[in-house]
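Structure, as C-alpha cells:
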Amino acid sequence: MELDERKKIILQAVIRNYLETGEPVGSRTISKYTDLNLSSATIRNEMADLEEMGYIVQPHTSAGRIPSDQGYRFYVDALMSEKEREVVEMKELMVQRQDKMETLLKQIVRVLAQNTQYATMISAPQSRKNKLKFIQLSRVDEQQLLAVVVSEGNVIKNNILHVKEDLSDETLLKLNILLNTNLNGLSIDEINLGMIAVLKQQAGIHSDIVSEVIDALAEALRAEEDLEVYTSGTNNIFRYPELADQRKASELITAFEEKQALGELLQGVTEDAAGTGIQVYIGAETPVQSMKDCSVVTATYELGDGMKGTIGIIGPKRMDYDKVVGTLRTLQTKLDELYRDDGKSE
C-alpha cells in the first residue's frame, strides 16, 4: 500500500521525534508535533496502519512506536531526494546567475570606458559572509561519505570523507541533524574548540567524522576563489601624453592583460572599504607599481547575501574626478536596483 500524505507526515514526525529523544513516540506527542489538527484517536489509527505496513514497531506493550528499518529507509530516501533536488536547483540557479552576471559586468566596463574615456575594470562579486547554510552527509560506499557544504551566497563545496566502517542510515541521519542543528548560520571563526568538543561527545564513537567535517567546513568557508576581473578601455591610456610614454604604457597594458595586480588591488579595496564608499588613489598612493603615474578611483558594490565586488577607473592624475565619482555613485545605485528587481522576479 502506498503511503498517503497524512501517513507520510505522521511517519516523518515519529522518526524525527525519535531521533531527537531516543524514546518511543506516542500519538499525543505526534498531535503536538505536527500541524495536522488531528485527534489522538485518529493519529493512533494512522500509526496502527503504519505499524501493520511495517514502517514503525512497538517495542513494548503500552509503549509508543519507534521506526523500523523500512521506516528509516523511506525517511532517508525522501530526505536525500529532497536535499539532492535542492542542491541541483541551487547549482542551476547559480550557473544562470553567473552567466547573467558575467554579461552584465562586461557591459558595465565597456560603457564606463566609453563614457569616461579612461581604462576601467570590475571584479566579479564574491561572498564575504562565509557562513554555513547547511551540511549534507550521504553515503558513497562502505568506506566513503560525501559531505556537501553550502555556504552563504549559495557556494557549494563537495568533500569526500573516508570512514572506517559502513554507517547505518539512522547514524547518518543523527549526524546530519547534530551538525546542522549546531553549525548552521555560523562562520568558521564562530565554531570554537568548546563547541567542537561538545559535538564530538554527542557523536560518541563517530567523533572522528565530526573532526573531518569541521576540517572540510573550514576549507570550504575559508577557500579563496580566483578573483575574476573584467577590463575595458586599455587603449584610452594612449589619449594622455603623460601616460603614452612607451615604457609606462607597456607596463600599464601588461598589468591589464595579466590582471594579477588588478585582482590584488580590487581584492584589497573590497576588504578595506567601509560600506560602499568610494576611494581615490593618487599617484604613489596606488598600491600597483605600474600605476604610480595614474589616479585610480574605486567603488565597492554589494548585491546582497554578502556578495561584494569592486569597480575601478584608471586615468591620468588630471582625470575629471567629479565626473568619475558621480558616474560610480550612479552605477552603485543602478546595480542595487538591478539586484532588487532580479530578486523580486525569482
Problem - Test side chain to side chain donor-acceptor pair (under 3.5 Å) applied to S211 and K200, step by step - result: CA-CA 8 Å; S211 297; K200 292 175 74 170; 3.2 Å; yes

Handout entry: Value rounded to 0.5 Å, distance of CD1 in I15 from CG in L173
Key = 8.0 Å

Handout entry: Interatomic spacing from CD in Q279 to OG1 in T310 - rounded to 0.5 Å
Key = 8.5 Å

Problem - Interatomic distance, I108 atom CD1 to R110 atom CZ [nearest 0.5 angstrom] - result: 10.5 Å

Practice task
Check the pair T333 / T330 against side chain to side chain donor-acceptor pair (under 3.5 Å), numbers first and verdict last.
Solution key: CA-CA 5 Å; T333 303; T330 300; over 6 Å; no

Problem - Trace of the side chain to side chain contact (heavy atoms under 4.5 Å, CB included) decision for I282 with Y321 - result: CA-CA 11 Å; I282 300 173; Y321 294 101; 4.0 Å; yes

Handout entry: Atom pair CD1 (I214) and CG (L193), whose distance is rounded to the nearest 0.5 Å
Key = 10.5 Å

Exercise for the section: Determine, step by step, whether S39 and T42 satisfy the side chain to side chain donor-acceptor pair (under 3.5 Å) criterion, reporting the C-alpha distance in whole Å, the side-chain angles of both residues, the deciding distance to 0.1 Å, and the verdict. Expected result: CA-CA 5 Å; S39 66; T42 301; 2.9 Å; yes

Exercise for the section: Check I278 against V297 and note the closest heavy-atom contact, atom names and distance. Expected result: CG2-CG1, 3.7 Å

Handout entry: Distance, nearest 0.5 Å, that separates CG of D69 from CD of E170
Key = 9.0 Å

Exercise for the section: Could you pull out the closest heavy-atom pair between K292 and A284, with the gap in Å? Expected result: NZ-O, 3.3 Å

Handout entry: Ion pair D169/R139, N-O distance below 4.0 Å
Key = yes

Problem - Over all atoms of both residues, closest heavy-atom pair of K8 and L3 - result: CE-O, 3.4 Å

Problem - From CA spacing to verdict: side chain to side chain contact (heavy atoms under 4.5 Å, CB included), Y75, L11 - result: CA-CA 8 Å; Y75 183 70; L11 175 58; 5.9 Å; no

Practice task
Would you please test Q332 and Y301 for side chain to side chain donor-acceptor pair (under 3.5 Å) and show each step?
Solution key: CA-CA 6 Å; Q332 285 177 313; Y301 68 91; over 6 Å; no

Fill in the blank from the handout: Between C294 and L243 the two heavy atoms that sit nearest each other are SG-CD2, 3.8 Å

Practice task
For a side-chain contact (heavy atoms from CB on, under 4.5 Å) with I314, tell me which candidate from T231, I237, V296, T120 qualifies.
Solution key: V296

Practice task
For side chain to side chain contact (heavy atoms under 4.5 Å, CB included), just list the numbers for K7 and D49, CA-CA rounded to whole Å, side-chain angles, deciding distance to a tenth of an Å, and then say yes or no.
Solution key: CA-CA 9 Å; K7 283 185 173 63; D49 289 344; 3.5 Å; yes

Fill in the blank from the handout: In terms of heavy-atom contacts, G283 and S295 come closest through N-OG, 4.4 Å

Problem - Nearest heavy-atom neighbours spanning G315 and Y118 - result: CA-CD2, 4.0 Å

Handout entry: Non-hydrogen side-chain atoms of Q136 and V149 separated by less than 4.5 Å
Key = no

Problem - Test log, rule salt bridge (Lys or Arg N to Asp or Glu O under 4.0 Å), inputs K317 and E242 - result: CA-CA 9 Å; K317 296 177 187 177; E242 61 268 45; over 6 Å; no

